[in-house]
Amino acid sequence: MNRLKKSYFERDPITLARDLIGCRFVRIIDGIEIVGEITETEAYGDATDLASHARFGETKRNNVMFHDEGILYIYQIYGIFYLTNIVAGPTGKPGAVLIRSAQIIKGMERAQEMTNQSKFVKANKDLAIGPGKFSLAFGMNKAVNGISLTDSSTVFIEAKEGTPDIIESKRIGVDYAGKSANLRWRFYNANNEAVSKR
DNA sequence: ACATGGATTCGCT
DNA sequence: GCGAATCCATGTT
């Protein structure tokens, strides 16, 4: 048990995204603990990143991106899925890290139950692989938007042990983003199968 | 007020 | 490789 502190999140999203690989995401629902090792992340920057929601300036939807580091930014897409993001630093600049995948290491049954609440996804061996499925498995929805990972007793992140081998690649699904589309801001664990794409 | 389309996933082709 | 599912913030009348 070594929960990440506020200062950990007060770094730029690229550094944070890379460093979160291997950390443990912990979620407690109705007293049941679901734990997963983070295997895949993406960094989203400020207004100069044409794939980032911050490019619209501060709005009703994305305002948490502009505030405290270490809080959750939950965003719904396609009317169906929620995506889990963590607000990054440096202080005063918008930025976030998208959690794309995790390997469940505790609370598998509860994670399957949460996933099966979706009309569109059935829990299978690829549980929590892909940002929509990650959010389902860990019960991340708009109710947790704005919650701080450094304060909450029901959702937080623990430090990793060791140093995983990390592969970087271009982000998924951002081909529309012009000059930002090919930035290699996606990171995943080279030795873990629980990622959405190789 | 209203139209648009998205940081996705699945199932069928 | 493509279409559908389906919500709501955003941008446009």
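As a basis for the values below, the full set of heavy atoms in this structure was taken, side chains included, without hydrogen atoms, waters or symmetry mates. Every chain is numbered from 1 and lettered A, B, ... according to where its sequence line falls, protein lines coming before strand lines.
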Can you spot which of Thr115(A), Leu127(A), Asn116(A), Asp126(A) makes a side chain to side chain contact (heavy atoms under 4.5 Å, CB included) with Val121(A)?
Thr115(A)
For Phe9(A), is the NZ or CZ atom of Arg11(A) found under 6.0 angstrom from the centre of its six-membered ring and inside 45 degrees of the ring axis?
no
Taking the side chain of Lys119(A) as heavy atoms from C-beta outward, which of dT10(C), dA5(C), dC8(C) is closest to it?
dA5(C)
Using the P atoms only, state how far dT13(B) lies from dA5(C), rounded to an integer number of Å.
15 Å
Between dG5(B) and dG3(C), how far is it from one C1' atom to the other, in whole Å?
15 Å
Suppose we call two aromatic rings close when their centres sit under 6.0 Å apart. Are Phe138(A) and Phe25(A) close by that rule?
yes
Length of the CZ-C1' vector between Phe120(A) and dG11(B), whole Å
12 Å
Distance to the ring centre below 6.0 angstrom and angle to the axis at most 45 degrees; does that hold for Arg171(A) and Tyr44(A)?
yes
Below 4.5 Å, heavy atoms only, C-beta onward: do Thr41(A) and Arg100(A) meet side chain to side chain?
no
Do Thr39(A) and Ser101(A) have side-chain N/O donor and acceptor atoms under 3.5 Å apart?
no
Any donor-acceptor pair under 3.5 Å linking the side-chain atoms of Thr91(A) with those of Glu10(A)?
no
With a cut-off of less than 4.0 Å, is there a side-chain N or O of Lys142(A) near OP1 or OP2 of dC8(C)?
yes
Starting the side chain at C-beta, find the nucleotide from dA7(B), dA9(C), dC10(B) nearest to Tyr75(A).
dA7(B)
Tell me: CZ of Arg55(A) to P of dT10(C), nearest whole Å?
11 Å
Nearest-angstrom distance from the residue atom CG of Leu83(A) to P of dT9(B)
8 Å
Closest-nucleotide ordering on DNA chain B, the 5'-leading residue of Val174(A) and Lys122(A)
Val174(A)
Of the candidates dT6(C), dT9(B), dT10(C), the side chain of Pro131(A) sits closest to dT9(B)
d(CD1, Ile74(A); P, dA7(B)) in whole Å
15 Å
In whole Å, what separates the P atom of dA7(B) from that of dG11(C)?
13 Å
Counting only side-chain nitrogens and oxygens, does Lys133(A) get under 4.0 Å of the OP1 or OP2 atom of dC10(B)?
yes
If you apply the rule side chain to side chain donor-acceptor pair (under 3.5 Å), what do you find for Gln103(A) with Asn192(A), and how did you get there?
CA-CA 8 Å; Gln103(A) 181 177 44; Asn192(A) 195 312; 3.1 Å; yes
Can you tell me how far C1' of dT8(B) sits from CD of Glu40(A), to the nearest Å?
13 Å
Aro-ring/base stack Tyr44(A)-dA7(B), d under 5.5 Å, angle under 30°
yes
Does Arg100(A) place a side-chain N or O at less than 4.0 Å from the phosphate oxygens OP1/OP2 of dT8(B)?
yes
Classify the nucleic acid contact of Gly132(A) as base, sugar-phosphate or nothing, counting any heavy atom under 4.0 Å across all strands shown.
sugar-phosphate
Between P of dC8(C) and OH of Tyr73(A), the distance in whole Å
14 Å
If I take atom OH in residue Tyr78(A) and atom P in nucleotide dT8(B), what distance separates them, rounded to the nearest angstrom?
5 Å
With sugar-phosphate meaning primed atoms plus P, OP1 and OP2, does Arg171(A) contact a base, only sugar-phosphate, or nothing at under 4.0 Å between heavy atoms?
nothing
How many Å lie between CZ on Phe56(A) and C1' on dG6(B), as a whole number?
9 Å
Starting from Watson-Crick (N1-N3 plus N6-O4 or O6-N4) and G-U wobble pairs under 3.5 Å, report the runs of at least three that DNA chain C belongs to.
B:1-6 with C:7-12, B:8-12 with C:1-5
